[in-house]
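Quick notes on the structure that follows.
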Protein chains: 2
Amino acid sequence: MDIQTIRLACINCNVRALCLPIGLSSQELDSIDHLITLRRRVKRNALLFRNGDGLNSLYAIRTGFFKTSVAAVDGLDQVTGFHMAGEMLGLDGIVDNRHTCDAIALEDAEICALPFDRIEELSLSLRSLQHHVHKIMSHEIVRERDVMLMLGSMRSEERLAAFLLNLVHRLRARGLSHSELILRMTRKEIGSYLGLKLETVSRTFSRFVADGIIEAKRRHIDILDANALVRIVNQSERLRPDCIPIARGKER
Amino acid sequence: MDIQTIRLACINCNVRALCLPIGLSSQELDSIDHLITLRRRVKRNALLFRNGDGLNSLYAIRTGFFKTSVAAVDGLDQVTGFHMAGEMLGLDGIVDNRHTCDAIALEDAEICALPFDRIEELSLSLRSLQHHVHKIMSHEIVRERDVMLMLGSMRSEERLAAFLLNLVHRLRARGLSHSELILRMTRKEIGSYLGLKLETVSRTFSRFVADGIIEAKRRHIDILDANALVRIVNQSERLRPDCIPIARGKER
DNA sequence: CGACACCTTGAAGAGGTTCAAGAAATGTGG
DNA sequence: CCACATTTCTTGAACCTCTTCAAGGTGTCG
C-alpha cells in the first residue's frame, strides 16, 4: 500500500470548515484540538475502505474524487455515489459498526480519518459538533432520497441532465468553473449510478452534443446551455424543483 | 383535526425499546424521564407532517402504518418509504430544520413526538442515547441506499419480490405472520415506491399468482412460496444478498 | 344502491437494453 | 519512445420490458 500518513490536529487544518461546525469559540477550538486525525493520501484506484471493514473512522475528503459502490460476487458493482472535497464518507457504517460499501479514489486524493469514537466523545461536550454530525447525516439521507426520486421517476435524458447539473453545482460551490468539467468516472460508472447501461449514457451524451447543449470529448464536458439542461430535468413536471439533486448541493 | 394528545414520559412507555437504547442503568432511566413526549393519534389519511413544516420533533411510530412521499405541484407524488411500528420519522428534516417530505398515515396510527432539541440535550449526558441516534440515522442511510440499488438494477418482478420479502421480514420481526399480509397501500403507491406504473404492479402480482408463488385478493396477500421470491430477487446475480432490502430490516 | 376509488387485463407503442463491431485513448513493456 | 494490448467510448440494429391508453370489473362507503 502506498499510503502516507500524517498526524495532525484539526485546529490547524485549512479546510476544517468542511468537516467541523463553524463559529466555534476559542474554548471550543481548544477541545477540537483533541480530535487528532490521520491524514492520508489515497492513490487513484485505491480503496479507502471496503465493504465489511470495521468502522474506525469517518473520512473527510480534503482533495480528490471518490466513488462508493457495492460490489457483486461476479465483479459487477453498483455505484451509490460520487464524492468530492469537503464531503464525508463512511456514515453508512455506523449502524453495524462496519462499512457496507467500497470507497474508491477516482483520482489521487487526500483524506482525513476522523476516529468515530473520538467524534462521539467530543460531541458530548461540544453541542455544535453534535448538531453538525446530525446535520451531516441528515444531509446524506436527503441526498440519497433525491437519487431515489431520480431513479424512480426520470428518463435517461433527465437523469443525465440532473447528474451534470448536480456535478457542476457542487464544483461551482468549490470555486470551480460551472460550465467546464472533467469527469473522473467512466460512462459505465455513470450508468451504474444512474441506473442505465453505458451505451445509453453514451447515446444520451451524443444527443446533448447534437442538440448543442454540451460539448463532449470523452471525459471533457463543456456545458453550453445550462438552461436547456434545467428544462430537460423539469420538463416532466413530475418533480418540484427541490426534488432535483442540483437544488440541494453538499453545501449551501 | 382529530388528534388526541397525551403528555407522558418515556420511562412508562411499553414500546420504549423501539426508540431508546436498551440496557440503560436506573440512573440513566431517570434522566430519560425528562424526555417528555407528546403521544398523538393520527387518523388514516391524515398528515403527521408535511414538506416545509418546521422540524420540532422526530416521530416514533407506536402503532399504525405510514408512507412518506414528496409531492409534486400537479398532485402527483413519489412515495419514498413505508414505515411501521418502531420506526422513526423525520430524520430528513434535521439538515434544514424543516421537513422535506409528507408523512401520511395509511391506517389509524399512534405516534410519539420526541422534541429534537430535547433529544440533542439529553444525548449530551447519555452517551448510549447519542450513539443510538447515530445508529438510527445511519440505518436510514443504509435503507435508502438499498432502495437505490433496487431502483437502479432490478426489473419489475425482482422489485416486487424484494418489496414483499422486505415487508414480511419487518412484520415477522414484530411477531406477525410471515406468510400472510394485508397491504395498507394501493397498487399506485407501491408502484410509486418501486418506480413502476400501477398496471405493471398489478400485472406482476397476477404473474406471481399464476406461478403459484402467492395468493392475492386485492390487498390481502398470502405468500405460498417465499423461496421462489428469494430466487427471483437473486436470479439476476447482480446483487449480493446483503444488497437486498430484505436482508437488512429495521431490526435484526 | 349508486358513486367512487381501486384493481385487472388487453393491445399498441416507446424507451432502454443487448449484442456486435469498430474507433479512439490510455497504459505497458521492451 | 514506440508498438502493442487494453480499456473506454461510440454507433447501429434487433429485441424486450415497461408504459400508455383503454375498457371493464370489483369492492367500499355514504
Side-chain angles (χ1 to χ4, degrees), chain A residues 43-46 67 75-79 104 106-108 150-161 163-164 182-211 214-221 232 235-238, chain B residues 43-45 67 75-79 104 106-108 150-161 163 182-211 214-221 232 235-238:
Chain A
K43 285 263 184 195
R44 189 160 104 90
N45 295 325
K67 72 169 177 182
L76 292 174
D77 59 15
Q78 180 162 347
V79 174
I104 296 172
L106 294 181
E107 61 180 358
D108 290 355
M150 180 187 70
L151 293 175
S153 69
M154 288 185 178
R155 304 202 261 91
S156 61
E157 285 197 351
E158 302 168 292
R159 291 184 199 190
L160 192 62
F163 172 73
L164 289 174
I182 293 173
L183 302 175
R184 301 302 175 182
M185 71 296 279
T186 66
R187 302 285 190 263
K188 190 172 178 180
E189 286 165 333
I190 295 173
S192 176
Y193 178 63
L194 298 179
L196 301 170
K197 295 296 159 187
L198 72 95
E199 294 95 331
T200 306
V201 174
S202 182
R203 275 184 247 273
T204 308
F205 268 126
S206 300
R207 214 174 312 146
F208 285 173
V209 171
D211 294 350
I214 65 171
E215 275 184 358
K217 280 178 191 143
R218 287 181 87 78
R219 308 260 179 116
H220 204 116
I221 307 292
I232 287 170
Q235 90 193 142
S236 66
E237 301 257 336
R238 266 170 293 176
Chain B
K43 284 263 184 195
R44 191 161 102 91
N45 294 327
K67 72 169 176 182
L76 294 174
D77 59 15
Q78 180 163 348
V79 174
I104 295 173
L106 293 181
E107 62 179 359
D108 290 356
M150 180 187 69
L151 293 175
S153 70
M154 288 185 178
R155 304 203 262 92
S156 60
E157 285 197 351
E158 301 168 292
R159 292 185 199 190
L160 192 63
F163 171 74
I182 293 173
L183 302 174
R184 300 302 175 182
M185 70 297 278
T186 66
R187 301 286 190 264
K188 189 173 178 179
E189 287 165 331
I190 295 173
S192 176
Y193 178 63
L194 298 180
L196 301 170
K197 296 295 159 187
L198 72 94
E199 294 94 331
T200 306
V201 174
S202 182
R203 273 184 249 274
T204 309
F205 268 126
S206 299
R207 214 172 314 146
F208 285 173
V209 171
D211 294 350
I214 65 171
E215 275 184 359
K217 281 176 191 145
R218 288 178 88 77
R219 308 258 180 118
H220 205 115
I221 307 293
I232 287 170
Q235 89 193 141
S236 66
E237 299 257 336
R238 266 170 294 177

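Here the structure is a predicted model, which is why all the values come from computation and not from measurement. Each chain gets a letter, A, B and so on, in the order its sequence line appears, and its residues count up from 1. Computed from heavy atoms alone, side chains included, the values below leave out hydrogens, waters and symmetry copies.
- Among the atoms of the strands shown, only primed sugar atoms or phosphate atoms (P, OP1, OP2) are found under 4.0 Å from some heavy atom of B:L196.
- Partner of A:I232 under the side chain to side chain contact (heavy atoms under 4.5 Å, CB included) criterion, out of A:M154, A:E158, A:R159: A:E158 alone.
- B:R187 has its CZ atom 9 Å from the C1' atom of C:dT8, to the nearest Å.
- Side-chain contact between A:F205 and A:L164 is present, with at least one heavy-atom pair separated by less than 4.5 Å.
- End-to-end axis angle of the helix from C:dC1-D:dG30 to C:dG30-D:dC1, from C1' rotation axes over five pairs per end: 50° (rounded to 10 degrees).
- When each of D:dT10, C:dC7, D:dC18 is scored by its nearest atom to the side-chain atoms of B:R219, the top-ranked nucleotide is C:dC7.
- Side-chain proximity of B:S202 to the nucleotides C:dT17, C:dT8, D:dT10 is greatest for C:dT8.
- Between A:K188 atom NZ and C:dT18 atom P the separation is 12 Å, expressed in whole Å.
- A:H220 places its NE2 atom 15 Å from the C1' atom of C:dA25, with the value rounded to the nearest Å.
- Heavy atoms only, all atoms of each residue included: A:L151 and A:Y193 are closest at CD2-O, 3.9 Å.
- Remark: the backbone N or O of A:K43 is not paired with any side-chain donor or acceptor of A:D108 at under 3.5 angstrom.
- The side chain of B:S206 places no N or O atom within less than 4.0 Å of a non-bridging phosphate oxygen (OP1 or OP2) of C:dT8.
- Sparse packing is recorded around CZ of A:R44, with 12 or fewer heavy atoms of other residues, nucleotides or ligands lying under 6.0 Å away.
- Residue B:R219 qualifies as enclosed at atom CZ: its count of foreign heavy atoms under 6.0 Å is above 12.
- Nucleotide D:dC16 holds its C1' atom 20 Å from the CE atom of B:M154, rounded to whole Å.
- Between the CD atom of A:E158 and the P atom of D:dT19 there is a distance of 14 Å, given to the nearest Å.
- For the OP1/OP2 pair of D:dT20 and a distance below 4.0 Å, the side-chain nitrogens and oxygens of B:K197 include at least one atom meeting the criterion.
- Taking 4.0 angstrom as the limit, A:T200 places a side-chain polar atom (N or O) nearer than this to OP1 or OP2 of C:dT17.
- Interatomic distance, B:F208 CZ to B:I221 CD1, rounded to the nearest 0.5 Å: 10.5 Å.
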Hey, can you pull the donor-acceptor pairs under 3.5 Å for the side chains in residues 183-192 of chain B, sequence neighbours left out?
from   : atom 1 : to     : atom 2 : distance (Å)
B:R184 : NE     : B:E107 : OE1    : 2.9
B:R184 : NH1    : B:E107 : OE1    : 3.3
B:R184 : NH2    : B:E107 : OE1    : 3.4
B:T186 : OG1    : B:K188 : N      : 3.3
B:T186 : OG1    : B:E189 : N      : 3.0
B:R187 : NH1    : B:R218 : O      : 3.4
B:R187 : NH2    : B:R218 : O      : 2.7
B:E189 : OE1    : B:T186 : N      : 2.9
B:E189 : OE2    : B:K67  : NZ     : 2.7
B:S192 : OG     : B:D77  : O      : 3.3
B:S192 : OG     : B:V79  : N      : 2.8

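- Residue A:K217 contributes atom NZ, which lies 14 Å from atom P of C:dA24 at whole-angstrom precision.
- Atom C1' of nucleotide D:dT19 and atom CG of B:L194 are separated by 15 Å, given to the nearest angstrom.
- The interatomic distance linking B:I182 (CD1) with C:dC6 (P) rounds to 17 Å, in whole Å.
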Using a 4.0 Å cut-off on protein heavy atoms (strictly under), produce a 5'-to-3' string for nucleotides 22-30 of chain D with B for base contact, S for backbone-only sugar-phosphate contact, and - for none. ----BS---
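- Proximity of B:L194 to B:M150: side-chain heavy atoms (C-beta onward) are separated by under 4.5 Å at one or more points.
- Judged by distance alone, the side chain of B:S202 and the main-chain N or O of B:L198 form no donor-acceptor pair under 3.5 Å.
- Within the nucleic acid shown, B:G191 has no heavy atom closer than 4.0 Å to any nucleic acid atom.
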